[in-house]
Amino acid sequence: MAGIEENIPKLGFGLMRLPKLEDGTTDIEQVKQMVDAFMAAGCTYFDTARAYGSSEADIRQALVERYPRESFYLATKNAAWIGCKTAEEARALFDISLEQTGAGYFDFYLIHNTGSVRTKVFDDFGLWDFVKELKAAGKVRHIGFSHHDNAETLDEILTAHPEMEFVQLQVNYADWENPNTQSRACVEVARKHGKPVVVMEPVRGGTLANPPEAVADILRAENESRTFADWALRFAMNVEGVMVVLSGMSTLQQMEENLETLRTLEPLSDAERDTLLRAQRKLDELLDNPCTSCHYCMKECPTELNISGMMDSLNRAALYGVEVGKHWYGFSTGEGKHASDCIQCGSCEDACPQHIEIVSKLEKAADLFD
């Protein structure tokens, strides 16, 4: 971990799922309250991205313009595979991020979402050299990448680019042994290369904060007072080699609950680890798909389907019954397009970090809900 900040508290503020007002814009006043609570607790790591809607501009208002620049760490990312046709366009994303955040520099700058065809885009545009240039120029302090692929591919990337200082990985108890996500194996690869890990999706898009009753019963039997989100965050924070765990908090209450987890953090006992293993196995039996609502698929969909909403509807049907799933599907699609409008082009599957067979899932959604 040489050269990487070692005094960062284990809880990071992920800015993908900020609270929204009724008109769909960000609830900046609530975000300010969340930032204030986060900073007051001594936490300092904020994670945004160009791909997270208005997140970069939002954090400028809620954080950058309200706190001394040296009092916090700000991370953002370059997702060149979303819409960029040339290396110049890809490199320009950095300047846009800098302007949007008003941060002056970034403490952590990531190549966003390596794996599958996306890695080739970064290779073709020379972005590995670009981020090194940014660091040499003092525009970023640390360089790394987020990864949504298997451990073998991660090993190849870290071998080819040893200059990368850290890696951001999806780590949670549900995906620890998942053959697609390979959380455990990816963490072990990062350790082998001496790279600290930033954890994303510790609560798996909110699923682990509101598990089905069969899973909830397993966790309650071990400890009735612990929240489900606390179980998930404590698991991730106790993984060896983890520098910070990002939580995509959407309310001030979630922020306060997660800060309590940090304040009371302690190692997991053998009994607790066994409990989480049983919870993971039960969840695997129930879930229809591992969607985390990252929306990358939707950015690539030419038909502009609400794919994340449809995947969520399938999971709700699997966990709570078809009628519940159908109700959520109606809410997610509204007056818009339905699963049966899918043209089966496959663009969504190329973009999906979870490697979900989306086309066949949409066929299933159409059969169940349309």
Side-chain angles (χ1 to χ4, degrees), residues 1 3-19 26-78 93-112 131 134-135 137-146 165-168 196-200 202 233 236-237 242-263 265:
M1 293 177 62
I4 291 285
E5 315 297 336
E6 297 188 20
N7 61 341
I8 300 174
K10 278 288 178 74
L11 180 65
F13 192 172
L15 305 170
M16 175 186 271
R17 301 179 176 92
L18 295 177
T26 301
D27 184 350
I28 291 294
E29 292 309 309
Q30 185 172 183
V31 176
K32 288 179 180 178
Q33 294 175 23
M34 295 167 73
V35 165
D36 291 346
F38 190 73
M39 294 287 284
C43 297
T44 53
Y45 192 104
F46 296 82
D47 174 89
T48 183
R50 293 284 308 130
Y52 301 167
S54 61
S55 174
E56 289 185 333
D58 295 338
I59 205 58
R60 176 174 188 157
Q61 293 184 66
L63 173 71
V64 177
E65 294 177 349
R66 300 174 62 241
Y67 284 88
R69 180 62 185 88
E70 67 277 6
S71 67
F72 59 86
Y73 301 106
L74 185 60
T76 196
K77 312 176 187 74
N78 186 309
L93 292 178
F94 174 82
D95 293 324
I96 295 172
S97 291
L98 208 57
E99 180 180 0
Q100 288 288 312
T101 60
Y105 63 91
F106 293 112
D107 301 281
F108 296 84
Y109 193 65
L110 294 84
I111 286 176
H112 193 178
V131 297
L134 291 174
K135 182 181 178 183
K139 295 181 178 180
V140 302
R141 297 180 63 204
H142 302 294
I143 55 176
F145 61 98
S146 62
E165 298 172 86
F166 66 100
V167 60
Q168 188 159 309
V197 172
V198 175
V199 169
M200 55 183 163
L233 288 174
M237 289 177 177
V242 165
M243 178 174 71
V244 65
V245 174
L246 304 175
S247 178
M249 294 169 275
S250 302
T251 66
L252 180 58
Q253 180 181 349
Q254 289 176 3
M255 173 64 75
E256 292 170 344
E257 290 175 354
N258 290 352
L259 288 172
E260 181 62 19
T261 293
L262 182 66
R263 281 191 288 267
L265 182 64

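Positions are given from 1 along the sequence.
Under the side-chain hydrogen bond (donor to acceptor under 3.5 Å, both in side chains) criterion, Y67 pairs with D36, not counting sequence neighbours. With sequence neighbours left out, the side-chain hydrogen bond (donor to acceptor under 3.5 Å, both in side chains) criterion links Q168 to no other residue. With sequence neighbours left out, D27 forms a salt bridge (charged side-chain N to carboxylate O under 4.0 Å, His left out) with no residue at all. With sequence neighbours excluded, no residue satisfies salt bridge (charged side-chain N to carboxylate O under 4.0 Å, His left out) with K139. In this structure Y45 satisfies the ring pair (Phe, Tyr, Trp, His ring centres under 6.0 Å) test together with F108, sequence neighbours excluded. Scanning for salt bridge (charged side-chain N to carboxylate O under 4.0 Å, His left out) contacts around K10 gives an empty result, with sequence neighbours left out. For S146, there are no side-chain hydrogen bond (donor to acceptor under 3.5 Å, both in side chains) partners, not counting sequence neighbours. Judged as a ring pair (Phe, Tyr, Trp, His ring centres under 6.0 Å), and not counting sequence neighbours, F72 has no contacts. Partners of E65 according to the salt bridge (charged side-chain N to carboxylate O under 4.0 Å, His left out) rule, which considers only residues two or more places apart in sequence or in another chain, are R60. Every residue meeting the side-chain hydrogen bond (donor to acceptor under 3.5 Å, both in side chains) condition with T261, not counting sequence neighbours, appears here in chain and number order: D230.
Applying the salt bridge (charged side-chain N to carboxylate O under 4.0 Å, His left out) test to residues at least two apart or on different chains, the pairs with a partner in residues 39-55 are D47-K77, R50-E56. For residues 96-106, there are no salt bridge (charged side-chain N to carboxylate O under 4.0 Å, His left out) pairs, not counting sequence neighbours.
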